[in-house]
There are 2 protein chains.
Amino acid sequence: MMTVHEVSELTGVSIRALHIYDRMGLLPASQKTESGYRLYDDAALERLQQVLLFRELDFPLKDIRKIIDSPVFDRNKALEQQIELLKMKKEHIENLIDLARGIQLRGVKHMNFEAFDTKKLDEYARQAKESWGSTPEWKEYEQKSAGRTAEDNRNLAARMMAIFTEMGQIRDQDPAGEKAQQLVKKLQDFITENTYTCSDQILSDLGKAYAGGGSMNDNIDKAGGEGTGEFAHRAIEAYVQRRKQ
Amino acid sequence: MMTVHEVSELTGVSIRALHIYDRMGLLPASQKTESGYRLYDDAALERLQQVLLFRELDFPLKDIRKIIDSPVFDRNKALEQQIELLKMKKEHIENLIDLARGIQLRGVKHMNFEAFDTKKLDEYARQAKESWGSTPEWKEYEQKSAGRTAEDNRNLAARMMAIFTEMGQIRDQDPAGEKAQQLVKKLQDFITENTYTCSDQILSDLGKAYAGGGSMNDNIDKAGGEGTGEFAHRAIEAYVQRRKQ
DNA sequence: AGTTGACTCTGACCTTGCGTCATAGTTTAC
DNA sequence: GTAAACTATGACGCAAGGTCAGAGTCAACT
């Protein structure tokens, strides 16, 4: 657990910015002390890394939040897009260097402004944003979450984590057992109710993230104890397999 | 002469931005029609190119104006700095690409935020800015121009140009002749009075810019007729040489 | 000559992403 | 137990425009 100061030192993000990111839900503090001090864990840092990559690409913070919180968010897809955009930006800068060198050597008489043109880059960024906000799942999520405050969202997250805490309590039992299967159904219903229709396919995808070693995994293990994410993954697989027949 | 629309199309700068740049003196319209429409000539475009290079490097517009209008402004020095900064920016982006690739391949467990660090870049940019604002000439200029409005500045520019118009009228005569030499002295005094103490050395440097084929040259030729810049250059050289003895 | 459509002007207000106090409570270290 | 260092909230300020609104201008077609 790190304080704002420590996070700020480590990442170069100002304390003021952390306040803002917290309040707008872009990077909520993982926890708060009784006196209201913000504390951040590794999952938060991981999220911050994502945020900073998007920020570097001049995405509006609201959009970043939307993208990262999108029900269909996929880190790898995001990284690919980010790399692509970074490459375009690099190219853009190379063009500017060439332009500046050209002026140095041959004077300014060319009047070439193409190097400043960011249309391609902007267009790609627009597409990238759209790719997160135009799926049916997202539309549904938008509707259901309209008018929700950051408070509400934290509340929902807490209720979701409560389910994983329950799972954690039986993680030494059979993932295909009745209690575990009931909890999986409870989870699926909860997601459907509060975010978007959670098909078995989507549930299965989520399950992979729960055990994938990412921030999801960490969060879940924190709620239910070491190995809960892995357990949830197996329980979900059993659930989905059974329903296939 | 181009309209705002045309300039906007050519350069990608919005019309609104052009309005703002005009009002703040960063990029004054070269001329206005009776009805108040802004018109831009090639010298303005040249200046805009400089502005955009600095803007790309996230220099505040006010600083850009200061730098470009600095009595000691030197296009080549500026270009060198810009290239250096662009190279650093490029490197920064390359680091980010590496970071993103690393996360893709090996997961996020490294928690490396160094790639986001812009301290080196910021520091260099700070130095670059300072290098324009810390010469004695600049300090003097700051004092003399304190409280001057954009209107005042245009006025001064017009009075300066009037001197070149006078020069233009005698540009078929001897640059070392009495009339020409009087005008050079008038110019030197005008600069000393309104900007900073214009030593013979500085005057000589300025003279080179007047004939160098840049925007200065263009502006002067526009005020006094083709060849006036060249004439001014020679007149100044004669003036300075004579005073050396 | 009149009208239409595309431009342009100014001015006022809105927005983003913070920086900068001010004020007040909290924790840590000696 | 007190100083020094942190932290929180809130209010305000700022840059660099975007976005109308209201009004004038210009070119072109009819």
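The sequence lines fix the lettering, A, B, ..., with proteins before strands; numbering per chain opens at 1. What you are looking at is a predicted structure, and each value in this text was computed from that prediction instead of being measured.
- The interatomic distance linking A:M2 (CE) with D:dT7 (C1') rounds to 16 Å, in whole Å.
- In this structure, B:D122 does not pair ionically with B:K119, as no charged nitrogen and carboxylate oxygen lie closer than 4.0 Å.
- For A:R126 and A:D63, the salt-bridge test fails: no basic side-chain N is under 4.0 Å from an acidic carboxylate O.
- A:K32 has a side-chain polar atom (N or O) that falls below the 4.0 Å cut-off from OP1 or OP2 of D:dT9.
- Contact check, B:R55 against D:dG17: a side-chain N or O comes under 4.0 Å of OP1 or OP2.
- Side-chain N/O atoms of A:Q50 and A:E46 include no donor and acceptor closer than 3.5 Å.
- A 4.5 Å side-chain heavy-atom check between A:K89 and A:D58 finds at least one atom pair inside the cut-off.
- For the pair B:D41 and B:R47, the salt-bridge criterion is not met [side-chain N within less than 4.0 Å of a carboxylate O].
- Residue B:L18 contributes atom CG, which lies 10 Å from atom P of D:dG17 at whole-angstrom precision.
- Taking side-chain N and O atoms only, A:H5 has no distance below 4.0 Å to OP1 or OP2 of D:dA5.
- Listed here is the closest heavy atom pair of A:I15 and A:H5: CD1-CA, 4.2 Å.
- Heavy atoms only, all atoms of each residue included: A:F116 and B:Q49 are closest at CZ-O, 3.8 Å.
- Salt-bridge check for A:E123 with A:K120: failed, with every basic side-chain N at 4.0 Å or more from each acidic carboxylate O.
- Here the side chains of A:I97 and A:R101 are in contact, with some heavy-atom distance below 4.5 Å.
- The span of DNA chain C lying next to chain A, judged by atoms under 4.0 Å from heavy atoms, is bounded 5' to 3' by C:dT16 to C:dT27.
- Residue A:W132 is tested with A:F59, A:F54, A:F73 for a ring-ring contact (aromatic ring centres under 6.0 Å, His included); the sole match is A:F73.
- With DNA chain D read from its 5' end, the first of the two nearest nucleotides for B:K62 and A:G36 is the one closest to A:G36.
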List the steps and the verdict of side chain to side chain contact (heavy atoms under 4.5 Å, CB included) for A:Y21 and A:L61. CA-CA 8 Å; A:Y21 295 173; A:L61 299 186; 3.4 Å; yes

Listed pairs, N/O of protein and of nucleotides 18-22 of chain D, under 3.5 Å:
from: D:dG18; atom 1: OP2; to: B:S14; atom 2: OG; distance (Å): 2.8
from: D:dG18; atom 1: N7; to: B:R16; atom 2: NH1; distance (Å): 2.9
from: D:dG18; atom 1: O6; to: B:R16; atom 2: NH1; distance (Å): 2.6
from: D:dT19; atom 1: O4; to: B:R16; atom 2: NH1; distance (Å): 3.0

Using a cutoff of under 3.5 Å, can you pull out all pairs of nitrogen or oxygen atoms linking the protein to nucleotides 26-28 of chain D, with atom names and distances?
from: D:dC26; atom 1: OP1; to: B:S35; atom 2: OG; distance (Å): 3.0

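- Across the protein-nucleic acid pair, B:L39 atom CG and D:dT25 atom P stand 15 Å apart, rounded to whole Å.
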